[in-house]
Each structure stands twice: as structure tokens, then as C-alpha cells.
Amino acid sequence: VEQSPPQSPGPGKAGDAPNRRSGHVRGARVLSPPGRRARLSSPGPSSSSEAREELRRRLRGLIERSRVMIFSKSYCPHSTRVKELFSSLGVECNVLELDQVDDGAKVQEVLSEITNQKTVPNVFVNKVHVGGCDQTFQAYQSGLLQKLLQEDSAYDYDLIIVGGGSGGLSCAKEAAILGKKVMVLDFVVPSPQGTSWGLGGTCVNVGCIPKKLMHQAALLGQALCDSRKFGWEYNQQVKHNWETMTKAIQNHISSLNWGYRLSLREKAVAYVNSYGEFVEHHKIKVTNKKGQETYYTAAQFVIATGERPRYLGIQGDKEYCITSDDLFSLPYCPGKTLVVGASYVALECAGFLAGFGLDVTVMVRSILLRGFDQEMAEKVGSYMEQHGVKFLRKFIPVMIQQLEKGSPGKLKVLAKSTEGTETIEGVYNTVLLAIGRDSCTRKMGLEKIGVKINEKSGKIPVNDVEQTSVPYVYAVGDISEGKPELTPVAIQSGKLLARRLFGASLEKCDYINVPTTVFTPLEYGCCGLAEEKAIEVYKKENLEIYHTLFWPLEWTVAGRENNTCYAKIICNKLDHDRVIGFHILGPNAGEVTQGFAAAMKCGLTKRLLDDTIGIHPTCGEVFTTLEITKSSGLDITQKGCG
């Protein structure tokens with residue numbers, strides 16, 4: 001059944017006074033402002049933005065006060081079907097006929113902003129947006145509509161969030177600030193090696209935070225080497241102590257865990273350290289580590305369960321290998337390490353382990369940093385290789401055997417070529433798997449309430465307001481299909497979702513030009529499109545790519561390599577040389593990229609970069625003096641400080 005698109009009212013409809021009154025349409029009470037000139041927006045000299053905001057508040061009021069609120073058009077057959085459905089259920093509903101009010105078109109515009117639905121009927125049940133005709137009948141056939149018709153006061157909470165990571169906590173705190181009763185469920189299933197952690201999710205406990213701190217530890221080792229050239233003299237042999245570092249990092253993480261718990265307590269958010277599983281509509285079963293079960297209900301739910309490292313599915317992987325879940329709290333130095341995978345997690349971990357002086361090998365199935373600019377990815381790998389990291393290309397492990405127990409022990413890895421029949425063996429102290437991550441969505445009862453997931457990836461399809469296939473269930477963070485898997489993205493989308501759900505804002509999360517940085521020994525920062533993607537989208541002939549190698553001043557006296565760091569921008573010639581891709585390989589790339597990402601949000605062009613005066617001497621200033629294009633074929637090697 002196709003829903004009716006927005007239409008202008010027919011002749012005589014908008015101004016026909018007899019139709020502009022309260023009445024009954026097939027058992028449904030119609031709410032229309034009485035009187036010919038009644039409007040939902042405020043009259044008077046207020047600005048259009050103020051009038052729009054006032055109209056939005058009034059619509060919210062109608063939705064909040066109505067058990068069933070239908071925004072309809074009197075001539076729409078789909079609207080009539082929905083009204084007849086509620087009439088057959090004996091349910092009184094409030095109906096606003098948009099073709100019979102003065103500001104019907106404006107009402108529909110604002111409704112579209114609120115619901116992301118441009119058609120009528122537009123149905124709300126107990127403040128939950130159900131959708132149009134098709135969605136309402138689907139909800140009726142699945143039993144969801146009947147459940148929604150129950151009094152919402154019967155729910156234990158306004159919002160239950162499943163997952164206490166970056167996105168979940170952000171959403172919870174914002175909803176609590178807006179006066180809602182909120183619960184957060186968070187439970188970490190221990191890794192196969194028995195590792196678990198506290199509140200805060202992957203980023204805080206086993207991701208960004210400990211990764212960046214270990215990256216910093218490795219950079220300090222490089223700085224010690226550089227310092228001799230700058231006149232620092234020391235005779236004592238310098239060595240790295242793994243246990244000292246991990247203890248300090250874990251102490252910092254524990255303080256963050258405590259801070260999150262305190263923040264939830266201060267905002268009166270209920271935190272329950274238990275595993276959540278949906279059992280029926282609006283109802284979730286929570287099981288604590290002792291196996292005790294409790295049931296809670298909520299008007300709305302947000303799924304923010306994140307992802308966990310994937311295993312190979314071969315003999316010995318879960319028994320003997322570790323993942324990033326285990327590495328950052330490993331109680332002993334990992335020793336000679338094989339890193340399996342070429343993701344950013346794999347390369348970052350390989351980089352800092354090599355920085356501590358360990359023997360590190362990376363086993364790569366195909367390409368480095370899939371999804372990133374491949375020219376930059378190869379430069380990242382080349383630098384790592386020059387600094388002692390070994391790469392085994394086009395191989396995959398097929399069996400892991402334990403030769404000796406210990407801390408660390410000894411493991412034998414049998415691997416085979418992806419291009420032929422060749423097999424190789426190697427002996428390592430530790431095997432670290434970093435081959436990707438799987439969404440934590442399959443064992444939480446989503447199928448019982450009709451939330452659709454991508455069967456292959458486990459990710460949850462959502463619309464541009466983070467809504468799943470079930471109207472009262474939303475998803476944020478890494479489990480959302482097609483969204484960047486980054487902590488700041490989860491934080492932003494969670495916060496904005498809470499504001500939209502509870503009437504504070506209509507703003508949607510902007511997923512375009514999200515910057516990120518790979519914290520390999522030489523950092524790689526990027527924002528916008530990879531070169532391959534830009535060519536695919538805009539065609540090569542419509543692009544101009546400016547690039548240069550550069551030599552950081554700090555590297556000169558230290559005697560480190562010239563013509564290793566690299567900067568590149570991709571410009572759209574058809575749009576005033578708009579910068580659509582920004583890429584930098586060099587020290588502090590994350591800090592540099594963050595600033596230029598803001599400029600890209602503002603519509604950065606090559607001309608604006610040229611007009612910007614650089615800060616000298618810095619790495620970031622190279623973007624203000626880019627002259628050589630790839631298409632020119634000119635040499636980009638540098639002879640000295642610019």
C-alpha cells in the first residue's frame with residue numbers, strides 16, 4: 001500500500017469553515033483548532049524561526065497529550081484505513097486533518113523534521129512514532145500496536161540503554177539532563193582468555209585510551225634516541241618495563257571507570273551491571289553474573305552494545321591467541337609477537353610493540369588498512385618495515401599449537417599462502433589477532449521484538465534518525481550499519497538522539513567528513529574521501545590532487561629520514577577546487593587533522609588554503625604552500641626546511 005505524498009489542499013478545502021471544527025470521523029475524535037483563522041503557529045511579529053519553533057512545541061504538545069495522534073488528510077484513503085483500524089479496535093484517537101487547517105503545509109514540514117516522514121498518515125501511539133499506513137498495519141499484525149496502546153505510565157523507565165560504552169553513556173546522560181527516567185545496562189562477557197573490564201566500553205578500556213598511551217610510550221623511546229643528538233648525555237642503559245607501563249595505564253582506566261559511574265549516579269541514571277535480552281515488546285530480561293534474572297520495561301530503548309574482536313575459527317585460536325581485549329592488561333611482556341591482520345588495530349599494536357624493542361611480524365591476508373587511502377596505507381607499512389616490523393604478505397594462519405606454557409609461552413603457527421599451495425611455520429611467544437570485529441547483536445532477543453539485523457555482519461540497519469525497524473528501538477555506535485566506527489561519532493549520535501527523542505532538538509548527526517587518525521609509529525590522519533573513492537565518485541578528470549613530501553624540523557638534527565612524511569589534498573575542480581579529501585602522514589597527524597577537519601566542515605577550498613598564512617615551523621603549514629599536482633608529474637622530494 002503506497003502512502004499519500006504531501007499535497008496542496010484542493011480548491012475550497014483550506015478555507016471551508018464547516019470542515020474546520022471538532023467532530024468524529026468513523027469513531028475518531030478530530031482535533032482542529034476552532035474558528036476560521038485558527039493556526040498552530042503563533043501569529044504576530046515573531047521571526048519565522050521563532051514561529052517554526054513555536055509550531056514544533058505545539059505539535060509536540062499534541063503528541064505528548066494524545067494516546068493516539070494521527071496527522072491526516074481528509075481525502076487520503078490511506079489515512080482513512082488507519083482511522084478505521086483504530087475505530088475497529090474501539091480506540092479513540094485525535095486526528096488533525098492537515099488539508100483543513102490554515103498552516104497544514106507548515107505543519108507537515110515540521111512533522112517531516114520531527115519524524116523523517118514526509119507522507120500522511122503520520123501516526124503516534126503513546127508518544128512513540130509508529131509511522132505511516134503500512135507501518136501501522138505491520139505493527140498491528142505483529143502485536144506491537146496493541147502493546148503500544150497500553151498506558152505508557154506502566155513502564156518502569158522512559159528509556160533503557162543496552163550498552164555502557166561511548167554512545168550509550170552519552171545518550172543516557174543527555175536523556176537524564178532532559179528529565180527522563182533512564183537505565184543503563186552494561187555487561188562485559190569475558191574474552192576467551194578471561195579478560196573483562198569496567199563501565200565505559202571499548203574505547204576507554206581496551207581501545208583508544210590504552211592504545212594511545214602505549215603509542216605514546218613507544219614515541220618516548222624514539223625521543224630518547226633523538227635526544228642524544230640534541231645534547232642529552234646518559235650512560236645508563238635504557239630499557240622498557242612492560243609491567244610498570246600496564247599498571248599505570250590500568251590505574252588511569254580504573255579512574256575513568258569510576259568517573260563514569262559517579263557521573264551516572266549524579267544524574268540519577270540507574271546503572272545495572274547485567275546482560276540484557278529482549279523477551280517481548282517493551283520488556284527486557286537482565287541477568288547478572290550470578291545468573292539472577294530481573295525484568296524491566298521501558299517506553300523506548302537504545303541499543304549501543306558495540307563490537308568484539310573476531311577469531312579465525314581455526315584450531316588453537318581461542319585457546320592460545322590474544323586480541324586487543326587482552327593486550328592492554330596483559331600481566332607480562334608479550335615477547336616475540338605475530339600480529340594477524342592488517343586493520344588499523346593490527347598496525348597500531350604492531351607499531352607500539354616494535355617501539356618497545358620487541359620482535360614483531362605482521363601477517364597480511366591481502367591489503368593494508370582496507371577502506372583507507374591505499375597510497376597512504378602503503379606508506380604507513382613501508383615506514384613500519386624500515387623500522388623493524390616484518391611483514392608476511394598473502395598468508396593466513398591455519399593452525400596454532402602450543403609448544404610451551406609460560407608468561408609468555410611458545411606457540412607454533414602454521415600458515416598457508418592465499419595465492420598458492422605454499423605453507424610456512426613460525427614460532428612466537430604471542431599471537432595477537434586483529435582481523436576485524438563482530439557486532440554484539442545476535443544474543444539479545446532482537447528477533448523476538450522484530451528488530452531487523454544484517455544477517456552477514458550483525459549490524460542493525462537504521463534510518464537517518466538512528467531508528468531501527470521497530471519504532472521505539474534505536475541503535476547508535478559501531479553496531480549501526482553504514483556508520484563510521486569511531487568513538488566521537490557514537491558520542492555525538494547518542495547525545496543528539498536523546499535530544500530528538502525528548503523534544504530538545506531536531507538536529508541529526510552529520511556523518512560526512514568525519515576525521516580520524518591511525519596511530520601507527522608515523523601517524524596517518526585523514527578526513528573526507530580516499531583517492532580511490534574520490535575517483536570512483538567524481539571521475540579522475542574532475543579532480544586535482546596536490547601533494548608533497550616534507551621533513552619535520554624536529555627530525556633534521558635527530559638525523560631521521562627526509563622525504564618520508566607526506567601530505568595530500570584531493571580537490572573537486574567542478575566545485576571551486578573544494579577539498580574533498582585530506583591526508584597527512586607525519587608526527588602528531590591527529591592534532592593537525594582535527595583543525596583541518598573543522599575547515600572542511602566550513603567548505604574548505606584550495607584557494608582558502610593558499611590564502612591561509614602558515615605557522616612556521618610546523619608540519620601543518622605544508623598545506624598552505626601546496627603547489628605540485630599529481631597530474632603534473634613533477635618531483636616532490638624536499639631538499640631542506642621550507
Side-chain angles (χ1 to χ4, degrees), residues 116 161-175 184 186 200-209 211-212 256 260 302-309 324 343-345 348 369-373 436-441 453-454 457-468 473-501 505-519 523-530 533 580-583 589-591 593-602:
N116 200 40
I161 294 167
V162 188
S166 304
L169 292 179
S170 171
C171 188
K173 288 186 278 191
E174 195 67 23
V184 171
D186 189 62
T202 297
C203 172
V204 169
N205 294 282
V206 290
C208 322
I209 298 299
K211 175 270 301 288
K212 181 75 181 293
L256 295 176
Y260 288 129
V302 173
I303 303 168
T305 46
E307 298 181 312
R308 295 290 291 273
S324 56
S343 63
Y344 73 89
V345 175
E348 287 174 339
L369 297 176
R370 185 178 301 279
F372 288 87
D373 186 293
R437 299 172 66 81
D438 291 323
S439 297
C440 301
T441 56
I453 68 168
N454 182 314
S457 68
K459 288 183 177 287
I460 301 176
V462 294
N463 60 20
D464 65 351
V465 290
E466 282 74 53
Q467 190 177 42
T468 72
V473 180
Y474 298 79
V476 297
D478 291 359
I479 58 166
S480 300
E481 189 172 60
K483 304 294 190 290
E485 297 178 13
L486 298 166
T487 288
V489 170
I491 291 170
Q492 179 82 335
S493 61
K495 177 176 68 176
L496 294 178
L497 172 59
R499 290 178 181 175
R500 289 194 307 275
L501 285 178
S505 169
L506 293 174
E507 186 181 356
K508 300 172 187 175
C509 188
D510 183 1
Y511 295 101
I512 305 300
N513 287 341
V514 174
T516 191
T517 293
V518 182
F519 290 99
E523 296 177 11
Y524 163 39
C526 60
C527 183
L529 299 180
K533 188 67 176 177
I580 58 172
F582 174 97
H583 303 270
E591 307 296 340
T593 304
Q594 183 67 82
F596 284 102
M600 286 181 69
K601 279 288 184 194
C602 299

So do [Y] and [X] actually touch side chain to side chain, heavy atoms under 4.5 Å?
{"X": "Phe582", "Y": "Pro515", "result": "no"}
{"X": "Tyr474", "Y": "Val462", "result": "no"}
{"X": "Val206", "Y": "Ser324", "result": "no"}

Between [X] (side chain only) and [Y] (backbone N and O only), is there a donor and an acceptor less than 3.5 Å apart?
{"X": "His583", "Y": "Gly528", "result": "no"}
{"X": "Thr441", "Y": "Gly458", "result": "yes"}
{"X": "Glu348", "Y": "Phe519", "result": "yes"}
{"X": "Ser170", "Y": "Lys495", "result": "yes"}

Tell me the closest heavy-atom pair linking [X] and [Y], and the distance in Å.
{"X": "Ala498", "Y": "Ala175", "result": "CB-N, 3.7 Å"}
{"X": "Ala475", "Y": "Ser480", "result": "O-OG, 3.2 Å"}
{"X": "Ser439", "Y": "Asp478", "result": "OG-O, 4.4 Å"}
{"X": "Cys526", "Y": "Thr593", "result": "O-CG2, 3.6 Å"}
{"X": "Gly581", "Y": "Met600", "result": "N-CE, 4.1 Å"}
{"X": "Arg437", "Y": "Glu307", "result": "NH2-O, 2.6 Å"}

Inter-residue atom distance [X].[atom1] - [Y].[atom2], 0.5 Å rounding:
{"X": "Thr516", "Y": "Leu486", "atom1": "OG1", "atom2": "CG", "answer": "4.5 Å"}
{"X": "Glu481", "Y": "Ile460", "atom1": "CD", "atom2": "CD1", "answer": "10.0 Å"}
{"X": "Glu485", "Y": "Ile479", "atom1": "CD", "atom2": "CD1", "answer": "11.0 Å"}
{"X": "Arg500", "Y": "Gln467", "atom1": "CZ", "atom2": "CD", "answer": "9.5 Å"}
{"X": "Thr468", "Y": "Ile303", "atom1": "OG1", "atom2": "CD1", "answer": "6.0 Å"}
{"X": "Ile491", "Y": "Lys173", "atom1": "CD1", "atom2": "NZ", "answer": "8.0 Å"}

Check: In terms of ring plane angle, is the pair Tyr344 and Phe372 parallel, tilted or perpendicular, where the classes change at 30° and 60°?
Finding: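 Correct class here is perpendicular.
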Check: Going by the salt bridge (Lys or Arg N to Asp or Glu O under 4.0 Å) test, which pairs reach into residues 505-519, not counting sequence neighbours?
Finding: Asp464-Lys508, Asp510-Lys601
Notebook entry, point to check: Considering residues at least two apart in sequence or located in another chain, which fulfil the side chain to side chain donor-acceptor pair (under 3.5 Å) criterion with Asp186?
Noted result: none
